[in-house]
Amino acid sequence: MRLSRLFGRTTRETPADAESVSHQLLVRAGMISQGAAGVYSYLPLGWRALRRIEQVVREEMDRAGGQELLMPTLQPFELWEASGRYVSFGQSLFTLLDRKEHRLVLGPTHEEVITDLARRYLQSYRDMPLMPYQIQTKFRDEPRPRGGLLRVREFTMKDMYSFDADEAGLDATYQKMASAYAAVYSRLGLPAVMVEADSGAIGGKASHEFMVLTPTGEDIVLHCTTCDYASNAEKARSNKITCDSDAVCAEEVRPLEEVATPESRTIEEVATFLQRPSSQTLKAVFYIADHEFVLAVIRGDLEVNDVKLQRALKCDLLRLAEEGEIVDVGAVPGFGSPIGLDGVRVIADDSVPHARNLVAGANRLGFHVLNANYGRDYTAELVADIAQARGGDRCPACSGTLMEERGIEVGHIFKLGTFLSDKLSASFLDENGVSRSAVMGCYGIGIGRLLAAIVEYGHDDKGIVWPIQVAPYQVHICTLNPDKSNVEHTGEQLYQTLRSSDVDVLLDDRPASPGVKFNDADLIGAPLRVTVSPRTLATGSVEIKWRNKKEAELIAVGDAADLVTAMVRDALASKRSTDG
RNA sequence: CGGGGUGUGGCGCAGUCGGUAGCGCGCAUGGUUUGGGACCAUGAGGUCGGAGGUUCAAGUCCUCUCACCCCGACCA
């Protein structure tokens, strides 16, 4: 491609509404352009990069036993009613009415459709494992799109679904996909780590995310500094036994006692006022779970993790209760606790039952109680781990410490089990002729997000530094002073020769100054730059320089085409097969 | 949805006390330049997000509204 003909133009100014580096650079390089919030056009350069990523993903999916197909974007709403997932997806579902006023949804994912499809073709255990996948546009009406391509409402996603005859089969397929994902990231030059994750609206049991750790990520990852425990913060566990609480556990149970604590509403205020560590207090947090009032209690030094709470409660919608709602059940905001509260569902964090003599709210304005004890003074219908783990906490798996880092989620795999195949009756006959529900898994990679993550991870102050597998063009030829001597002719010849040997090459044939050309080359980020100028030609050479290296070297004009071709091939080959 | 912010040529911005819009980049033409975003000259391009109002007069003041960005609740 000739830069003079390329649709898209680089800009010097960074766009005012672009915050993240990937957003800024992709726009400045003329790769993407925003249409609406969370909706983007891919210009030719960006589209090429996107397709390269797709291709890598496709190859690894095929290698792992996947079969590519294509499902419709428009899905009947009935399918979502049947699965029940229109509730958990809720507002993020884009829905529309056709001319007959029939309700359709723009697919945010395709578990329903694929299960419905599988139902028709999957009949025997001999048909499994079955691993269909597609690379297709998804629509999700996100509450808040952000970060350019990092979080959008319309995006291409690779989504694979697996159908196995039993749990063991699913486990094996899941493992296979985890390795396939690792292979994808490795080929794309991204160091992604696999972490435990919550399955969210998708549903299912086990799930893992693949994270690229960068300070700009929107997720928080907790990982152990000594063992290999790693988890998304929304799912992470931690060892909550502290010296403090150990001592508390050993105490003798003392009688309940009411104390005046005027103006002490927060844990911090109460702890300070009564001169107790916050770990000897009981925190009460009021929620509305699926329209039902729920009181969550947790040791005062910990925070409730809403995601874990929602999971423990098995509810679809969870929000904090408003002050009026708290008062309605007879509790007093700031002085609340389960003590003396009737008819309210209580869920306790597992840090609570064995803790002795805590300070708790008295459900009376201006008063707390001392020596609140689980079992004697209050109980919970459910005890579960609902605490937010944080950096510095102790690892739940070993004696190490958890570290907190930000990450971009570039892949998510789920063990779904049979809840969808049950609901949509995707069953098969096992070897004993017994009808059973297929055991499902699903596996997603956001292609555009991956593109953004690659830029977030690979750039410098000049622009993008593409891994050669992803670069829209592998070689970028700059002709300086193309009107002088035979610069233009040499550049042109090199361009044609490289093209004919299947090297993707960009020729900057514009009559621009050297600075402009170099800066654009750096911005666009092709791995290898070739400079042809009167100066190099004077010594019968051209200059080559890798985008990620500082120094350039001169090579003879006559050897240039062959050498550059070989260098590109070598670089591509070294990344191409990483399976093991 | 809650909190914060921004809307003025393609992009980045200025616009005072209300007097009918300007700068830089980019673009076009001509010329001089050329190894890290050159220079001169000329030129094209704007219903100031939208609606309503106040006023002799509104980019500027008032009301409403829309869009976009950032922080929180969601996810590939």
Side-chain angles (χ1 to χ4, degrees), chain A residues 9-20 23 27-28 30 33-39 53 57 88-93 108-109 135-160 181 192 197-202 207 209-212 217-219 232 234 287 306-307 310 317-320 322 408-414 442-453 462-463 478-485 487 511-523 529 531-536 538 543 545 552:
Chain A
R9 136 175 293 123
T10 59
T11 66
R12 199 176 305 205
E13 303 275 1
T14 74
D17 56 3
E19 189 83 357
S20 68
H23 189 189
V27 172
R28 284 226 292 134
S33 173
Q34 182 171 22
V39 178
I53 297 173
V57 171
S88 45
F89 266 86
Q91 294 274 80
S92 21
L93 222 46
T109 178
I135 296 175
Q136 190 227 30
T137 306
K138 301 284 190 271
F139 297 86
R140 294 186 189 173
D141 197 356
E142 291 290 337
R144 184 155 90 84
R146 76 182 84 157
L149 255 31
L150 285 172
R151 178 176 208 73
V152 291
R153 297 191 295 168
E154 174 178 338
F155 57 101
T156 35
M157 178 165 115
K158 184 285 301 176
D159 46 322
M160 177 184 270
Y181 271 45
D198 182 75
S199 55
I202 301 288
S207 123
E209 288 168 336
F210 291 81
M211 296 281 192
V212 174
E218 59 175 342
D219 282 282
N232 189 313
E234 63 186 26
Y287 288 92
D306 290 1
V307 176
Q310 180 167 3
L317 301 168
L318 182 74
R319 64 170 172 84
L320 285 170
E322 282 161 25
I408 300 170
E409 181 192 349
V410 289
H412 200 158
I413 61 180
F414 306 78
C442 73
Y443 316 86
I445 290 183
I447 307 287
R449 182 121 112 198
L450 205 39
L451 179 80
K462 287 291 197 177
C478 291
T479 54
L480 308 187
N481 313 320
D483 52 336
K484 285 275 173 56
S485 65
V487 168
S513 69
V516 170
K517 293 194 173 192
F518 287 145
N519 279 299
D520 277 349
D522 287 343
L523 180 57
R529 187 185 74 192
T531 306
V532 182
S533 74
R535 192 195 285 183
T536 64
E543 179 196 273
K545 178 185 169 301

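Letters A, B, ... are given to chains in the order of the sequence lines, protein chains preceding strands, and every chain is numbered from 1.
Of the candidates B:G24, B:U34, B:G36, B:U34 carries the atom nearest the A:Asn481 side chain, counting heavy atoms from C-beta on. Ranking B:C68, B:G37, B:G72 by closeness to the A:Gln34 side chain, first place goes to B:C68. Of all nucleotides listed (B:G35, B:C68, B:G12), B:G12 comes nearest to the side chain of A:Pro15.
The side chain of A:Gln310 contributes no N or O atom lying less than 4.0 Å from OP1 or OP2 of B:A73. Taking side-chain N and O atoms only, A:Arg144 has no distance below 4.0 Å to OP1 or OP2 of B:A73. Distances shorter than 4.0 Å separate some side-chain N or O of A:Ser513 from OP1 or OP2 on B:A38.
In this structure, A:Phe155 forms an aromatic stack with the base of B:A76, since both conditions hold: centre separation below 5.5 Å and plane angle below 30°.
Looking at heavy-atom distances under 4.0 Å, A:Lys158 makes no contact with the nucleic acid at all.
The residue among A:Gly411 and A:Pro514 whose nearest nucleotide of RNA chain B lies closer to the 5′ end is A:Pro514.
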Which protein N or O atoms sit under 3.5 Å from an N or O of nucleotides 28-31 of chain B?
none

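At whole-Å resolution of the value, CZ in A:Arg449 and C1' in B:A76 are 5 Å apart. Rounded to whole angstrom, the span from the CZ atom of A:Phe210 across to the P atom of B:A76 amounts to 13 Å.
A donor-acceptor contact under 3.5 Å is not formed by the side chain of A:Glu13 with the base of B:G26. Side-chain atoms of A:Ser533 come within donor-acceptor range of the base of B:G35, with a qualifying N/O pair under 3.5 Å. The base of B:C75 sits within donor-acceptor range of the side chain of A:Asp219, with an N or O pair under 3.5 Å.
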